Amino acid sequence: MAEQVLSEVGAVVAPDREAELVALYRELVSGPLPEGLLRTELLRGPSGHWRIQSHWRDLAALEAVRNAAERPAAPQLFRRVGTEPELVVFTVVADQEASVSLP
């Protein structure tokens, strides 16, 4: 079985553009998602740092999106709010999901 990967696209976003980034992300994920995308989330950190983390079935699924004629969506969102993002790709070597007990 191929190893899953996590892509992280991030940048510092100006405070007056943060609401626009959130709106663009919500619009993006309301439509069809790429084949092989298992999970994606928009994260806000301190001092204007933002990240879009996307968990992919395997590297081939991520590469298919990165090599498509249409530019990858996550970097484009950051560019639309006036910042140049950085991309890092991680291989998932171990994971664990918590089990949730409902009362």
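We number each residue from 1, following the sequence as shown. Since the model is a prediction, treat every value here as computed from it, not as a measurement.
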Report task. Decide yes or no for Trp56 and Leu37: does some side-chain heavy atom of the first lie under 4.5 Å from some side-chain heavy atom of the second? Result -> yes
Report task. Search all heavy atoms of Leu24 against all heavy atoms of Val81 and return the closest pair with its distance. Result -> CD1-CG1, 4.0 Å
Query raised in the report: Shortest non-hydrogen contact from Arg80 to Arg17?
Result: O-NH2, 2.8 Å
Query raised in the report: At their closest point, which heavy atom of Ala61 faces which heavy atom of Arg57, and how far apart are they?
Result: CB-NH2, 3.7 Å
Requested in this report: Measure the spacing between CD of Gln4 and CZ of Arg39 and express it to the nearest 0.5 Å.
Outcome: 12.5 Å
Requested in this report: Find the distance between OG1 (Thr91) and CG (Asp58) and round it off to the nearest 0.5 Å.
Outcome: 11.0 Å
**Report entry** Side-chain heavy atoms of Val9 within contact of Leu77, under 4.5 Å
**Finding:** no
Query raised in the report: Taking all atoms of both residues into account, what is the closest heavy-atom pair of Val12 and Ser47, and its distance?
Result: CG1-O, 3.9 Å
**Report entry** Leu6 versus Val92, closest heavy-atom pair with distance
**Finding:** N-CG2, 4.3 Å
Query raised in the report: Are Leu87 and Phe78 co-members of a hydrophobic cluster defined by side-chain heavy atoms under 4.5 Å apart?
Result: yes
Query - Sub-4.5 Å side-chain heavy-atom contact between Tyr25 and Val29 - result: yes
**Report entry** Gap between atom OG1 of Thr40 and atom CD of Gln53 - 0.5 Å precision
**Finding:** 8.5 Å
Query raised in the report: Should we count CZ of Arg79 as having more than 12 external heavy atoms under 6.0 Å?
Result: yes
**Report entry** Spatial distance of atom CZ (Arg26) from atom CG (Leu42) [nearest 0.5 Å]
**Finding:** 8.5 Å
Query raised in the report: Between Ala11 and Glu84, what is the shortest heavy-atom contact and its length?
Result: CB-O, 3.9 Å
Query raised in the report: Can you tell me if CD on Glu86 sees more than 12 non-hydrogen neighbours from other groups inside 6.0 Å?
Result: no
